[in-house]
Amino acid sequence: MRFTKMQGLGNDFIVLDGVRERIALDPATVQRLGDRHFGIGFDQLLLVEPPADPRHDFRYRIFNASGEEVEHCGNGARCFLKFVRDVGLTDKTELAVETARGVIYPRLEANGEVTVDMGPPALLPAQVPFVAERDDIVHPLEVAGRVVGITVVSMGNPHAVQLVDDVDTDLVQTLGPLIERHPRFPHKVNAGFMQIVGRDEIRLRVYERGAGETLACGTGACAAVVAGIRRGLLDATVRVHTRGGGLIIAWAGPGTPVLMTGPAATVFEGTIVL
Ligand SMILES: N[C@H](CCC[C@H](N)C(=O)O)C(=O)O
């Protein structure tokens, strides 16, 4: 099977063309392809398919290295646009792409970066989903014998964002896995750790559901900025520093889409014997 290895700020993917090839994926196959020793290795597998609605350009499916199919991947959306143009599936510079939770609109910028209209965030706990009595902005969460304050946001996929004084903390590796599987998140969750540098700048690390800590998380950056704005700590446009590089995230408030701008790169192409 042919594949293209890509990365967005070090969050790495293989991309498969499910338009020209019929590709059937089961969790075990995804896990084997994602294994960094016995397979190709990736954080997520991205599958390009024809759209269900002919008014749209493509359908976009995402599988974590753990094998589970999930609702969204922001860094992957930028790579998705670059891939479909590079392999000749389209010559458009702006697309309407169906995801499990709505349509997103990636657009190629003149400098080669990609801006994605990620759609509006869902802010109610039940939408994340997160078990909570009230729709507070900050929820106390008991984990590892301590109580942390989290803000929950769905970008289609679930995020729990907490503030830390310094992201270079071992909390990401000690609390990340426990939050990922916390019983109050029925579908598990991506755990974000955000350091506020200024009202227009943050540092972020994310322990991702089904992948562990990644060098960058696009939906995590969107969720962190939404959380910071809801907490009154950030302005409408924020530079997000991840371990893999920088993203620009903009959000004008509830009911409006989150816009994410950043790079996408092809690393190599290959074929794998299944
Ligand atoms: N681990 C995520 C999917 C990938 C998200 C991330 N790679 C991004 O760029 O948004 C989840 O299970 O919801």
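Whatever order the structure lists ligands and atoms in, that order sets their numbers, starting from 1.
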Element-labelled atoms of ligand 1 that are located less than 4.0 Å from some non-hydrogen atom of G74: 8 (C), 9 (O), 10 (O)
Nearest neighbour in protein (non-hydrogen) for atom 7 (N) of ligand 1: N11 OD1, 2.8 Å
Pair N157-T219, side-chain donor/acceptor within less than 3.5 Å: yes
Straight-line distance of T29 OG1 to Q31 CD, nearest 0.5 Å: 9.5 Å
Side chain, backbone, both or neither: C217 near ligand 1, heavy atoms under 4.0 Å: both
For H72, the ligand 1 atoms whose distance to one of its heavy atoms is below 4.0 Å: 3 (C), 4 (C), 5 (C)
Criterion ring pair (Phe, Tyr, Trp, His ring centres under 6.0 Å) on F13 and F42, from CA distance to verdict: CA-CA 5 Å; F13 314 105; F42 51 72; 8.8 Å; no
Ligand-residue contact atoms, ligand 1 with N64, heavy atoms, under 4.0 Å: 1 (N), 2 (C), 3 (C), 11 (C), 12 (O)
Side-chain donor-acceptor pair present, E208, T214, cut-off under 3.5 Å: yes
Atom 2 (C) of ligand 1: nearest protein contact (heavy atom, Å): N190 OD1, 3.3 Å
N/O donor-acceptor pair under 3.5 Å between R78 side chain and P263 backbone: yes
Protein contact of atom 1 (N) of ligand 1 - nearest heavy atom, named by residue and atom, plus distance: E208 OE1, 2.7 Å
Numbering as shown, the atoms of ligand 1 that approach N75 to under 4.0 Å (heavy-atom distance): 8 (C), 9 (O)
Donor-acceptor under 3.5 Å (D57 side chain, L95 main chain): no
Residue and atom name of the nearest protein heavy atom (relative to atom 10 (O) of ligand 1), distance in Å to one decimal: T219 OG1, 2.6 Å
For V70, the ligand 1 atoms whose distance to one of its heavy atoms is below 4.0 Å: 3 (C), 12 (O)
Reference residue E68; test salt bridge (Lys or Arg N to Asp or Glu O under 4.0 Å); the match among R61, R209, K188: K188
Pair Q127, S154: side-chain N/O donor-acceptor within cut-off below 3.5 Å: no
Nearest protein heavy atom with distance in Å, relative to atom 9 (O) of ligand 1: G218 N, 2.8 Å
